[in-house]
Amino acid sequence: MSRQQPVNLPRYHRTYSSTSVKVQAIQVHPSSFTKMHMLGKGDVGRVYLVKQKGTNKLFAMKVLAKREMVKRNKIKRALAEQEILSTSNHPFIVTLYHSFQSQDYLYFVMEYCMGGEFFRALQGRPGRCLEEEGARLYAAEVVSALEYLHLHGFIYRDLKPENILLHQSGHIMLTDFDLSKGCSSPEAPGIVKAHLPHLPPYIDTRRCVHNLQTNSFVGTEEYIAPEVIKGRGHNFSVDWWTLGILIYEMLYGTTPFKGLNRNDTFGRILEKEVTFKDQPAPYAQVPSSSCRHLIRKLLHKDHNKRLGSRAGACDIKAHAFFKPLNFALLRHQVPPIVPLMQKPDGSDGINFKKLAAESISLDLEADRTMVNVQMTDKAKPGHNPFAGFSSITLQHDDESDFSDT
């Protein structure tokens, strides 16, 4: 199936480094933005499309209610998300520009990915899936993003189509890092000699996160790894398990172990092996042998034998499935999905699900930024649980992430 070739497809040129991010004092406040409409909502917050006054730049503003976060014990998650976003500068990870807090809310002002949720884009495809070539490109972009996170001592733990956004160019952007877990002192990466003499050595990302073990039961039902269900502790290998589930879902429009209910799904994850059939129409063919082999290796029940357990991302990148791709040039490939735009700036939000009007309206004009919030926790008088949340502006060396050249 041929893909539409967009005219003047924008290309990435953002660097792969956190050193090109400069942290500055906060330069905006809630009233610096005009709220346009809501893009998404969760149990403790909302995401709005906003326009910055004076520049008319569009951003996605994530607003988290402090009261709900305290009630649901989600403060550490917000702090972890800020730590990752404020130190990340990668073409397949959403960019943070500002973060600040008021008496009642935490704010993240982020890049607006006008292509919307990857899950929604997949649902609109023929057969709700992709041909193998397209799945390979998106899988490679996810591997690149996960490699970057692992290098910086973080495991993602919640990979799924709902946590992937599409840039207007069609490339993917990882978002929602509230379930991510970080090492207190990650080790430096190692070097792995390539299997073939003509290939350069690889970076061993496993060393950066191999000491990170956690017993938390987190993740999304159909994506949860066997070791998480067993509750015996898990490590970075959960990210490679979820990659295998994601690739399968991109090819089939469903996950491989989906059951009639939660217990049935968990039972299948623990006991069943992944099987392959013809893709849905219009593709109607079994994925290639290299694709099937990759998925099987990623979905190995034993995390110590799972692909990626030896040296991290370089194990996956060296697999035959990715042989047609050059990972250094992913940003210049034509994505399989190029979002439709009615307005050039995406301000209509047509690629996001239409949400009902809020029962409570957020008044940005009335809210005021507070750098040092004095907040009293009833359990700990005088304690501010959000003291670790920084009010900062991030200046990126490449402020424009894409160019038309």
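Both tests hold for K317 against F327: distance to the six-membered ring centre under 6.0 Å, angle to the ring axis within 45°. Within the cation-pi definition used here (under 6.0 Å to the ring centroid, within 45° of the axis), K301 qualifies as a partner of F257. Both tests pass for R136 against the ring of F321: distance under 6.0 Å to the centre and angle within 45° of the axis.
Distance check, rounded to the nearest 0.5 Å: CG of L137 to NE2 of H171 gives 6.5 Å. Between the CZ atom of R125 and the CG atom of L130 there is a distance of 5.0 Å, given to the nearest 0.5 Å. Note: H332 NE2 to S169 OG = 11.5 Å, rounded to the nearest 0.5 Å. To the nearest 0.5 Å, atoms OG (S289) and CG (L294) are separated by 11.5 Å. The NZ atom of K57 sits 11.5 Å away from atom CD of E111, with the distance rounded to the nearest 0.5 Å. To the nearest 0.5 Å, atoms CG (L325) and OG (S144) are separated by 11.5 Å.
T242 places a side-chain N or O within donor-acceptor distance of the main-chain N or O of V238, the cut-off being under 3.5 Å. A donor-acceptor pair under 3.5 Å links the side-chain atoms of E81 to the main chain of F177, judged by distance alone. Within the 3.5 Å criterion, the main-chain N or O of R77 finds no donor-acceptor partner in the side chain of D178. Here the side chain of D239 pairs a donor or acceptor atom with the backbone of Y156 at under 3.5 angstrom. Between the side chain of S99 and the main chain of S390, a donor-acceptor pair closer than 3.5 Å is present. Side-chain atoms of N351 come within 3.5 Å of backbone atoms of M114 as a donor-acceptor pair (strictly under, hydrogens ignored). A distance-only check finds a donor-acceptor pair linking the side chain of H152 to the backbone of Y148 [under 3.5 Å]. A donor-acceptor contact shorter than 3.5 Å is absent between the side chain of T220 and the backbone of Y223. Checked by atom type and distance alone, the side chain of Q279 never pairs as donor or acceptor with a backbone atom of Y252 at under 3.5 Å. A donor-acceptor contact shorter than 3.5 Å links the side chain of Q101 to the backbone of F389.
A 4.5 Å side-chain heavy-atom check between F33 and M61 finds at least one atom pair inside the cut-off. Residues F276 and R296 have side chains in contact (heavy-atom distance under 4.5 Å, counting atoms from C-beta outward). Within the 4.5 Å cutoff, side-chain heavy atoms of F386 are placed close to those of M69. R262 places none of its side-chain heavy atoms less than 4.5 Å from the side chain of T265. Inter-residue side-chain proximity for I155 and L149 is flagged as unmet; no heavy-atom pair is nearer than 4.5 Å. Side-chain contact check for V94 versus C113: some heavy-atom pair is nearer than 4.5 Å. Considering only heavy atoms from C-beta on, S86 stays 4.5 Å or farther from V23 through its side chain. Residues Q333 and E141 have side chains not in contact (no heavy-atom distance under 4.5 Å, counting atoms from C-beta outward).
Checked for salt-bridge contact, D264 and R268 meet the test: a charged N lies under 4.0 Å from a carboxylate O. With salt bridges taken as basic N to acidic carboxylate O contacts below 4.0 Å, none links D176 and K160. Under a 4.0 Å N-O distance rule, the pair R310/D315 qualifies as a salt bridge. By the 4.0 Å N-to-carboxylate-O rule, E83 lies too far from K76 to be salt-bridged with it.
Crowding of N304 atom CG: a count of heavy atoms from other residues, nucleotides or ligands under 6.0 Å exceeding 12. Annotation for K74: atom NZ counts as buried by contact number, over 12 foreign heavy atoms lying within 6.0 Å. Atom CZ of R292 is surrounded by more than 12 heavy atoms from other residues, nucleotides or ligands within 6.0 Å.
Taking both residues in full, the closest heavy atoms of R46 and K41 are given as CD-CB, 3.2 Å, listed atom of the first, atom of the second, then distance. Contact detail for A139 and L243: the closest heavy-atom pair is O-CD1, 4.2 Å. Of all non-hydrogen atoms in G346 and L49, the two that sit nearest each other are O-CD2, 4.4 Å. The two residues L251 and P280 come nearest to each other via the heavy atoms O-CD, 3.8 Å. Residues K35 and Y48 share a closest heavy-atom pair of CD-CD2, 3.3 Å. Scanning both residues, A140 and F322, for their nearest heavy atoms gives N-CE2, 3.7 Å.
K53 is linked by a salt bridge (charged side-chain N to carboxylate O under 4.0 Å, His left out) to E365, counting only residues two or more places apart in sequence or in another chain. The ring pair (Phe, Tyr, Trp, His ring centres under 6.0 Å) test applied to H29 returns no partner, not counting sequence neighbours. With sequence neighbours excluded, the residues satisfying ring pair (Phe, Tyr, Trp, His ring centres under 6.0 Å) with Y107 are F100.
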- Residues Q52, S32; criterion side chain to side chain donor-acceptor pair (under 3.5 Å); working and verdict: CA-CA 6 Å; Q52 186 172 5; S32 300; 5.8 Å; no

- Which is it for Q27 and H98 under the side chain to side chain donor-acceptor pair (under 3.5 Å) test, yes or no, and what are the steps along the way? CA-CA 8 Å; Q27 298 175 359; H98 310 280; 5.8 Å; no

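The aromatic rings of F59 and Y97 sit perpendicular to each other, their planes meeting at more than 60°, with 30° as the lower class boundary.
Two rings, from H300 and W240, have their centers 6.0 Å or more apart.
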